[in-house]
Protein chains: 2
Amino acid sequence: MAGENKMYVEVLEAIQHLIHNDGLKKGDRLPSERELSDRLNVARSSVREALRALEVLELIETRRGGGTYISGVGGRRLVELIASFILKDEDAREDLKETRKIIEAEAVRLACRRSTKKDIEGIEENVIKYEKAIAAGEVPVEEDYTFHHLMVKTSHNNLLHHIWIPLVEYSKAAIKDSLDRSGRPRQALYEHREIVEAVKAGREEQAVNALTQHLDRSMF
Amino acid sequence: MAGENKMYVEVLEAIQHLIHNDGLKKGDRLPSERELSDRLNVARSSVREALRALEVLELIETRRGGGTYISGVGGRRLVELIASFILKDEDAREDLKETRKIIEAEAVRLACRRSTKKDIEGIEENVIKYEKAIAAGEVPVEEDYTFHHLMVKTSHNNLLHHIWIPLVEYSKAAIKDSLDRSGRPRQALYEHREIVEAVKAGREEQAVNALTQHLDRSMF
DNA sequence: CTTCACAATTGGTCAGACCAATTTTTCAAA
DNA sequence: TTTGAAAAATTGGTCTGACCAATTGTGAAG
């Protein structure tokens, strides 16, 4: 009926129309694959190709035996995939570090404005775990990651959060190397405390500066 | 062999490995669908689901009868899709605006440090086109987009650039609405000039502030 | 060497079959 | 009537094999 594009694109568009016309929203269920292929007069495989494309963007969620549902906005996998196709050369690595620093610094700035009591509690809990890990002679790799993760979450900007995750995944190895330097975990812990205090007090510039310097010392 | 995820995800990962291991780059050809399904011991339909997901992200390009090729990173259709799914969720929209502002502001900061003569020439050329469009009584939608695009490119951080693209593609409709307000294009042009001068002179704070305010006025 | 027809390759689509997880229905026991 | 477990129907996940359409490769004729 529609055009001469690839079928899965037709299906993609049909689904969009379906969503707009029927006013479907987050959490609502889409017609089954078989029903869609029936309604649109295309093979089920074509419908699936379209749905898979939407799934990889995290725009829909599928449950085996259950059905297909519209989900919130993703964006994570998006950046992740793109990054994996970009990140081959050294230049890209530099870009990655720089980009992470930007994202995280601004996340901390937002955190200063938006942190709730619960956020702060979670972060302070993390700091305590960090201390214990050091006291136990361990390298607090996981705690370190979690600290930064909580901080970005506290920005209460979900998109920013989703962009941040893949950026850091790639430098996780580097984080471990960094923490392996003797004395570094103690220093990092001190810097973490500094950041927490600044965020808690809402002192944006201080928090951002502390974080930026912290990352400069941690990365690479 | 690999895991218990959905097969198409396995294929997705396999392709990524393939790209990294064999050092494939833009323009190179991927193995045929049949060969991939053979090598990975999965049905061709599963391979296709993975390829379609990559295609919708414009990470690959397929030519009927020709083959499948790795392409540069794009993001047109991708964002149209996301946009159509995102419109309902106010929170996500706020996050998007905020995130775009962060990315672009920091990109401009970098641009202040790294702009080349060529960059500046391109941007100034764009400003002239902008003027002409206004003089001709047109709404300079395309020129406006290009201005911001050039600015982010001038950051010489490719990753940042590629993150920025989808964020803005989404709000293109909003850009048009904004420019439709009478008098707005002239004001925007003035602000653009202000930003260019600051970048040219390497005055970071001034450039960042000018851009931030410009976006605040533009995006509403 | 060039040209042109034919075969092989490759992506695009379809149909139908099973499996596995989930949901819905059915119906007998309490 | 209510409850609850078994059975049936639904739904996503995967595979096989077929055919079409566009492109690429090959080889013989000129």
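The figures that follow rest on heavy atoms only: side chains count, while hydrogens, waters and symmetry mates do not. Everything quoted here is computed from the prediction, not taken from an experiment. By convention in this document, chain letters (A, B, ...) are assigned in the order of the sequence lines, proteins followed by strands, and residues within each chain are numbered from 1.
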>> Nearest heavy atom decides the nucleotide; on that basis, is B:R34 or A:V42 closer to the 5' end of DNA chain C?
In response: B:R34

>> With salt bridge (charged side-chain N to carboxylate O under 4.0 Å, His left out) as the criterion, how do B:R52 and B:E55 come out once you've worked through the C-alpha distance, each side chain's angles and the decisive distance to 0.1 Å?
In response: CA-CA 5 Å; B:R52 251 16 74 205; B:E55 191 180 59; 3.3 Å; yes

> Between B:N126 and B:E143, which heavy-atom pair has the shortest distance, and what is it?
Replying inline: ND2-O, 3.0 Å

> B:P140 versus B:L189: any side-chain heavy-atom pair under 4.5 Å?
Replying inline: no

> Could you state the CD-P distance from B:E61 to C:dG12, rounded to the nearest angstrom?
Replying inline: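 Taking CD of B:E61 and P of C:dG12, I get 11 Å after rounding.
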
Applying side-chain hydrogen bond (donor to acceptor under 3.5 Å, both in side chains), can you list everything that pairs with [X], at least two apart in sequence or on another chain?
{"X": "B:S115", "value": "none"}
{"X": "B:R34", "value": "none"}
{"X": "A:R29", "value": "none"}

> Contacts to DNA chain C from residues 44-51 of chain B, heavy-atom cutoff under 4.0 Å, which residues?
Replying inline: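 Only B:R44, B:R48 qualify.
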
> Which class fits the ring pair B:H192 and B:F147: parallel under 30°, tilted 30 to 60°, perpendicular over 60°?
Replying inline: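 Ring orientation of B:H192 relative to B:F147: parallel.
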
> Do B:E138 and B:K132 meet the salt-bridge criterion of a basic N to acidic O distance under 4.0 Å?
Replying inline: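 Looking at B:K132 and B:E138, the cut-off is not met.
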
>> Below 4.0 Å from chain A heavy atoms, what is the first contacting nucleotide of DNA chain D and what is the last?
In response: D:dT11 to D:dT14

Identify each atom pair where a protein N or O and an N or O of nucleotides 3-9 of chain C are less than 3.5 Å apart, giving names and distance.
none

> Mind checking whether B:H161 and B:H149 have ring centres under 6.0 Å apart?
Replying inline: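 Yes, they do, as the ring centres are separated by less than 6.0 Å.
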
> In Å and rounded to the nearest 0.5 Å, what is the CD1 to CH2 distance from B:I103 to B:W164?
Replying inline: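 Spacing of CD1 (B:I103) from CH2 (B:W164) equals 11.0 Å.
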
